[in-house]
Amino acid sequence: MRFGHFDDDRREYVIHRPDTPLPWINYLGTEAYFGIISNTAGGYSFYRDARLRRLTRYRYNNAPFDLGGRYLYLRTADGEFWSPTWQPTQTELDDYECRHGLSYTRIGSRYRGIRAETLYFVPLGETLEVWRLKLTNEQQSAVELSVFSSIEFCLWDAQDDATNFQRNFSTGQVEVADGVIYHKTEYRERRDHFAYFACSEPLEGFDTARESFLGPYRSWDRPVVVQQGESTGSIAHGWQPHGSHHVKVTLQPGETREIGFVLGYWENPRDAKFDPPGSQTVDKRLVRPVIERWLRQECVDEGFAALGRRWDELLGGLQVDTPDGDTNRMVNIWNAYQNMVTFNMSRSTSFYESGIGRGMGFRDSNQDLLGFVHMIPERARERILDIAATQLPTGGAYHQYQPLTKRGNNDIGSGFNDDPLWLILGVAAYIKESGDWSILEEPVPYDNQPGSEESLYGHLQRSLRYTLERLGPHGLPLIGRADWNDCLNLNCFSDTPGEAFQTTENASGGVAESVFIAGQFVLAARELAGIALCLGRPAQEYLDAAEKMAGTIAEHGWDGAWFRRAYDFRGNVIGSASNDEGQIFIEPQGMCVMGGVGVEDGTAVTALASVRERLATPHGIILQQPAYSSYRLELGEISSYPPGYKENGGIFCHTNPWLMIAEAIVGNGDGAFDYYKRINPSAREALSEVHRCEPYVYAQMIAGRDAPTHGEAKNSWLTGTAAWNYAAITQWILGIRPELEGLRLAPVLPSGWPGFTAVRRFRGATYHITVERGGSRSLLVDGAPIDGDVLPAAPAGTEVTVTLTL
Ligand code: BGC
Ligand code: IFM
């Protein structure tokens with residue numbers, strides 16, 4: 001069953017009914033000002049940091065699930081009112097359509113002969129969002145309409161805002177000037193910043209106090225102001241600052257009118273002191289022209305067109321035409337788009353991530369680069385340097401950092417022993433794409449401490465050393481608090497039955513080991529060796545270390561038919577046929593093969609056959625089997641999940657592309673593509689009533705075979721699944737793969753495909769690629785045959801024609 005359809009020409013997903021199984025959301029903003037918006041206009045906005053600079057309030061896990069957002073109400077003179085985005089009044093609309101596009105959303109409906117369509121987007125280069133409401137009177141007679149807007153301001157720090165009421169009910173401050181509502185509450189500091197909410201039309205009235213707008217004991221479904229048709233002109237003093245405009249319009253039959261709203265963030269430069277000291281009013285001199293500009297319709301039209309052009313350019317980095325429509329749609333539009341979103345948001349803000357707990361992730365953000373770097377390499381470069389500056393002098397890493405301060409997050413701390421190795425993989429991806437070797441010479445501090453700078457190359461060396469200095473009893477890397485699998489906490493133990501487990505304290509002294517990190521180490525050491533060789537620096541040490549680790553995996557990490565997962569604190573094996581549950585895990589199968597382990601001796605093929613036999617389901621590949629049926633102190637959080645969910649036997653989509661890549665590495669194009677299709681959201685669209693999450697983006701998890709809800713997705717949008725699937729399909733199956741020496745073309749296609757074409761921008765040149773099956777293998781570049789599969793470097797600005805016959 002479907003709840004909408006893809007409009008590929010317009011690069012939109014069109015939702016046909018407001019009551020989707022779950023709120024289906026989209027993102028506004030691509031640079032610094034962001035918001036999430038659901039198909040019924042729910043959601044919130046923030047400037048740069050979803051926790052510390054939250055503009056509008058949102059209550060997660062509400063009932064209804066999605067309540068609070070960018071709401072508008074229409075009211076006719078007879079007193080009937082409705083929300084043209086369905087929520088919050090839930091009026092049964094005569095028709096309804098939501099179009100989620102690339103960084104914009106358009107929600108339209110018709111009721112009582114009034115067509116209303118609202119376009120929401122963030123113009124490039126601005127720290128504001130535009131709502132453009134278009135009203136058309138499709139009745140035979142003139143109609144007088146009242147329009148009310150509504151947003152609830154957040155007092156900046158979303159965590160504090162949701163908890164610290166004794167203080168916050170006294171801090172709220174607003175100001176209304178020339179029809180603009182300014183929210184100027186300070187957050188424990190007096191900086192010259194504020195939010196504003198403006199409307200293009202002369203106001204009939206306004207409200208800035210939530211209680212005045214809603215009325216006591218009421219909610220957004222029937223605000224007293226809307227019901228009565230009259231604003232109160234309230235000014236919030238403490239309590240809950242709110243923003244509402246009231247505009248009246250009379251529409252003749254067939255007439256269309258547009259009304260603009262602008263919600264934005266403003267911070268005056270520190271040295272711009274216009275107002276006399278002690279002034280209690282917001283300094284509006286710099287912001288006024290910005291507001292006025294974005295209330296003008298031509299400006300909005302131009303800004304919206306510019307956003308579209310920006311996306312043309314971003315997506316122009318790679319466009320493919322394959323025999324499979326779901327592949328084309330995901331690669332050309334939605335997967336690339338999701339990559340931008342994960343790059344910007346990391347794991348902070350979605351319908352499942354509250355914007356409070358998680359900043360940028362050392363592990364996560366490095367992986368997100370894989371799908372983003374070809375779009376804007378300069379931003380990837382900046383991100384890498386930010387991440388590396390949070391690395392600790394030991395080579396270890398803070399697990400996360402706050403985007404606003406760019407400082408490591410002490411609450412979560414460090415000790416996830418896979419973290420440092422992702423930096424090598426992220427940097428390698430950047431250099432492969434951009435050819436920018438200079439990044440390695442950039443001086444980067446450790447833990448942001450001035451004076452501790454070392455070249456980025458030095459950071460990468462420390463990352464490898466971090467693993468080598470932390471090997472366990474079998475010579476495998478110590479896992480620390482966890483590796484990629486956050487919930488495999490193997491240094492949890494207790495000598496007293498029933499005693500609470502201990503992780504952090506014991507992680508450093510714990511001796512649990514990870515075969516996953518071993519595989520990741522082999523991959524990362526070989527990557528660093530490749531970089532070193534290109535630079536003419538010593539590389540043998542890394543190659544030897546990789547070789548040795550591969551040997552250790554063969555000795556202690558191979559179980560006979562697959563790679564083992566780990567050894568726990570007491571040296572007991574995890575992920576082995578000898579275990580009663582958790583016999584086979586997906587992660588080491590993918591990572592070891594990606595590192596090249598077992599590829600020559602055939603064990604890789606054996607491991608992949610085991611995955612297919614034991615872990616593959618029609619909805620994707622399960623993380624491990626059999627799922628743990630009860631809690632096990634020595635394994636930690638993984639066994640706290642019910643069987644079939646999350647890390648305990650869920651289809652953790654992030655890992656699936658590792659298996660696609662592994663299948664491609666051993667030359668099995670059919671196997672790789674088969675896995676690709678199983679979790680491709682577009683290919684699952686027809687199953688929307690089972691899948692339930694958005695059919696246009698990947699979710700972190702699909703419930704596994706052991707779950708009663710097998711096939712149901714959760715935690716959509718912010719997942720490493722996006723970047724890795726993009727890498728799997730584009731670089732390994734289609735085989736258009738950036739390498740240090742240039743662009744490699746090495747497809748491993750499904751056998752039924754006659755070929756495909758692609759246009760790929762790479763280091764400034766544009767490659768027009770045709771891959772076709774034919775008599776004998778040849779690779780022609782601009783008509784001339786070349787050896788090997790790496791395309792010769794072409795000068796920036798040139799067009800290259802490439803034909804590969806398989
Ligand atoms: C979740 C993991 C997540 C981790 C982050 C766990 O509860 O299951 O998926 O990575 O929290 O700390
Ligand atoms: O690897 C992690 C990731 O960092 C956050 N989400 C869950 C994954 C698996 O535990």
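Small disclaimer: the values here were computed from a predicted structure and weren't measured. We count ligands from 1, going down the list as the structure has it; atoms in each ligand are counted the same way. We're numbering straight along the sequence, starting at 1.
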Under 4.0 Å from a heavy atom of [X]: give me the atoms of ligand 2 that qualify, with their elements.
X	answer
Phe652	7 (C), 8 (C), 9 (C)
Gln700	6 (N), 7 (C)
Asp364	3 (C), 4 (O), 5 (C)
Asn485	10 (O)

Check whether NZ of the Lys or CZ of the Arg Arg54 lies under 6.0 Å from the centre of the six-membered ring of Tyr44 and within 45 degrees of that ring's axis.
yes

Does Arg470 count as lying over the ring of Tyr466, i.e. NZ or CZ under 6.0 Å from the six-ring centre, within 45 degrees of the axis?
yes

For Phe416 and His399, take the angle between the two ring planes, folded into 0 to 90°, and tell me which bin it lands in: parallel under 30, tilted 30 to 60, perpendicular over 60.
parallel

So, the side chain of Ser346 versus the backbone of Ser348: is there a donor-acceptor pair under 3.5 Å, distance only?
no

Taking side chain as C-beta onward, heavy atoms only, is Val611 less than 4.5 Å from Trp562?
no

Heavy-atom gap Glu647 to ligand 2 smaller than 4.0 Å
yes

Ligand 2 N/O within reach of Asp486 N/O, cut-off under 3.5 Å:
yes

